[in-house]
There are 2 protein chains.
Amino acid sequence: MPRALPPLNALRAFEAAGRHQSFSGAAEELGVSHSAISRHVRGLEDRLGAQLFRDLPRGVALTQAGARYLAALSPSFDRIAEASEVFDQRPTGQVTVDAEPLFAMKWLIPRLGDFYRRYPDIELRLQANSAIADLGRYEADLALRFFHAGPEGQDAPLLSNAPLYPFAAPSVVSRLMPPEKILSLPLLRDRHADTWRKWAGLAGCAPPAGAPSDWRMRARLAYETALAGHGVLLISSEIAEVDAASGRLIQCSDIGFRMGSYHLVSAEGVMRRSAVRLFREWILDQSAGLRSVNR
Amino acid sequence: MPRALPPLNALRAFEAAGRHQSFSGAAEELGVSHSAISRHVRGLEDRLGAQLFRDLPRGVALTQAGARYLAALSPSFDRIAEASEVFDQRPTGQVTVDAEPLFAMKWLIPRLGDFYRRYPDIELRLQANSAIADLGRYEADLALRFFHAGPEGQDAPLLSNAPLYPFAAPSVVSRLMPPEKILSLPLLRDRHADTWRKWAGLAGCAPPAGAPSDWRMRARLAYETALAGHGVLLISSEIAEVDAASGRLIQCSDIGFRMGSYHLVSAEGVMRRSAVRLFREWILDQSAGLRSVNR
DNA sequence: TCAAAAGCGTGCCTTTTTCGCACATATCAT
DNA sequence: ATGATATGTGCGAAAAAGGCACGCTTTTGA
């Protein structure tokens with residue numbers, strides 16, 4: 001669809017001149033000299049091969065063709081201006097977001113600096129609750145939740161579905177250890193006791209010894225334990241990412257599996273509030289992986 | 001209404017990039033290098049303070065904000081392109097125009113060169129009839145007619161209402177002669193016998209001698225007679241204009257009066273034909289006095 | 001496994017566009 | 001008549017845009 005538009009700056013000059021029925025007026029509006037407008041209009045007329053203005057004894061007036069052209073251009077520029085104004089506004093309001101504690105700490109909070117910078121006037125209220133509870137009870141607008149089998153019908157877009165991998169502190173493991181060796185270390189369980197059993201199966205090893213229930217603990221504690229160098233943790237790689245990047249954790253195997261995914265759940269009706277919409281858009285962009293370069 | 005638009009060329013670059021979901025694609029469409037697109041988009045993002053694209057492993061994709069912006073921009077550019085395409089077309093068709101003989105010769109025909117140049121593919125059929133006759137009878141689409149008292153309710157826009165002045169050949173008169181002296185010359189009558197009587201009254205002189213009916217003749221003949229240096233003619237200055245400019249006639253007094261006006265009359269339904277519309281627009285622009293400079 | 005291709009970002013330099021200024025011209029108001 | 005308004009234009013300066021070459025990453029294909 002090759003669309004050869006006339007020079008856009010000349011169009012803008014003509015549009016302003018047409019509205020003002022005056023080159024000087026347009027020049028003032030656009031903050032340039034009248035000669036710039038004169039040249040632009042003349043150039044546009046040459047380019048289009050049509051006369052857009054006629055000379056009055058003093059000043060100029062649109063020709064019929066010019067008037068028709070203007071009538072098409074003005075609304076277009078209006079729409080462009082309107083759409084551009086959105087970026088000038090500093091949105092305000094409140095958003096209450098409820099996230100699972102570990103996901104909040106390791107995924108959301110590291111990214112929030114960008115949100116605060118982008119929307120300094122939006123008050124973000126962050127809550128951490130691990131239960132898959134209904135949003136209204138916690139008075140949250142949005143929730144970041146883990147689903148084992150997808151959000152099942154709800155309108156809850158995907159945030160992350162990175163697989164689980166074994167991570168541990170560098171004092172405990174090195175990159176790409178053999179599965180048998182990993183399974184011989186203290187195994188920390190995140191959220192579900194049988195994740196290590198499944199992983200051992202994938203790795204072609206015997207299931208880990210020891211009573212599975214021994215090590216069940218809250219996810220945050222398991223994570224801290226791993227950081228402290230007291231065992232190996234099977235955990236979503238997007239959560240371990242921040243500590244892996246800083247060298248505090250090491251992914252010691254490329255064997256992993258997907259156990260579920262994080263989704264964004266919205267409370268009823270909150271999308272009418274612009275602050276909520278903006279947070280939603282922002283977090284979806286984040287989850288899709290925005291350009292790393294920051295202004 | 002100060003309307004600060006973002007750089008329009010950057011907008012165009014972004015719009016193309018958004019449609020293609022690709023900088024390279026946009027570059028090809030716009031006939032520039034991909035780096036130009038990249039810079040434009042980056043500059044626009046800086047200017048708006050918002051991220052419009054995100055990086056994909058290979059290529060780019062719109063952010064939520066970028067997608068919304070694109071959805072507003074694309075239709076606007078489409079409309080602009082559509083409105084601009086009008087000028088690319090070479091209109092064709094036929095227009096049949098009926099004009100009073102003298103007005104056709106002295107006003108219309110000298111201007112027609114511009115029409116032929118502008119619309120070389122429109123066939124213009126020119127007729128000359130002096131009667132105020134109905135258009136259908138002459139099979140004309142448009143007529144240029146003289147009205148003594150305005151077109152009275154018809155939709156017949158004004159073409160010219162210049163006043164009558166006395167004109168004669170330079171061998172007969174000089175510029176600004178006293179009315180008495182003018183009235184002593186052979187008085188040629190255009191169209192109405194009592195025009196000289198009225199003019200004499202305005203000049204504060206006695207009405208001209210001689211039987212008024214003696215000199216009534218068709219307007220074209222009276223005009224030719226004046227050109228040949230055989231008398232003074234009271235005639236609309238827009239008709240005498242072309243011969244006055246070339247020095248073949250001289251306006252010998254500034255005393256004049258308005259006797260009526262020329263209007264453009266349209267036949268029923270012909271405005272549906274673009275060639276007729278274009279001629280109408282063209283002649284209205286001409287009558288309003290287009291810029292003299294010609295391309 | 002290695003090489004080539006597809007895509008985008010960026011520094012550096014050239015080209016093109018745009019602009020402002022000053023002056024000229026014409027008209028209008030006082 | 002004179003100053004203010006309004007546009008057209010030549011000329012030199014400034015800015016924007018663009019191209020090229022190169023670097024980086026991912027994908028594809030042999």
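Side chains are part of it too, since the values below use all heavy atoms of this structure and drop only hydrogens, waters and symmetry mates. The sequence lines fix the lettering, A, B, ..., with proteins before strands; numbering per chain opens at 1. Bear in mind that the values here come from a model prediction, so they are computed numbers and not experimental data.
B/W282 does not carry B/R280 over the face of its six-membered ring by the limits of under 6.0 Å from the centre and within 45° of the normal.
One atom, CZ of B/R12, and another, P of C/dT17, lie 13 Å apart when rounded to the nearest Å. A/E45 places its CD atom 15 Å from the C1' atom of D/dT9, with the value rounded to the nearest Å. The interatomic distance linking B/H34 (NE2) with D/dG23 (P) rounds to 14 Å, in whole Å. Atom NE2 of A/H20 and atom C1' of D/dT7 are 16 Å apart (whole Å). In this structure, B/L8 places its CG atom 14 Å from C1' of C/dT18, rounding to the nearest Å. The CG-P distance, from A/N9 to C/dT17, rounds to 12 Å in whole Å. For the pair B/L56 CG and C/dG7 P, the interatomic distance rounds to 12 Å; values are reported in whole Å. Taking atom CG of A/D55 as the reference point, atom C1' of D/dG8 lies 9 Å away to the nearest angstrom.
Considering only side-chain N and O atoms, B/S35 lies nowhere under 4.0 angstrom from the phosphate OP1 or OP2 of C/dT10. Using a 4.0 Å cut-off, some side-chain N or O of A/H40 falls inside it from OP1 or OP2 of C/dC19.
Judged by distance alone with a 3.5 Å cut-off, no donor-acceptor contact links the side chain of B/R58 to the base of D/dT27. No N or O donor and acceptor, one from the side chain of A/S33 and one from the base of C/dC21, sit under 3.5 Å apart.
Nearest-nucleotide positions on DNA chain C place A/A36 closer to the 5' end than the other of A/P57 and A/A36. Both B/P7 and A/Q21 lie near DNA chain D, and the one whose nearest nucleotide falls closer to the 5' end is A/Q21.
Taking 4.0 Å as the cut-off between side-chain N and carboxylate O, A/R118 and A/D114 count as a salt-bridged pair. In this structure, B/E15 pairs ionically with A/R3, as a charged nitrogen and a carboxylate oxygen lie closer than 4.0 Å.
Within 4.0 Å of A/G31, counting heavy atoms only, lie sugar-phosphate atoms of the nucleic acid but no base atom.
Nearest to the side-chain atoms of A/S38 among the listed nucleotides C/dC19, D/dG8, D/dT27 stands D/dG8. Checking C/dT18, D/dG8, C/dC8 against every side-chain atom of A/R42, the shortest atom distance belongs to D/dG8. Comparing atom distances between the A/R39 side chain and each of D/dC20, C/dC8, D/dG10 picks out D/dG10 as nearest. Between D/dG8, C/dC8, D/dT27, one nucleotide has an atom nearer to the side chain of B/F23 than all others, and that is C/dC8.
Remark: aromatic rings of B/F53 and B/F14 are close, center separation under 6.0 Å. B/H34 and B/F23 have their aromatic ring centers separated by at least 6.0 angstrom.
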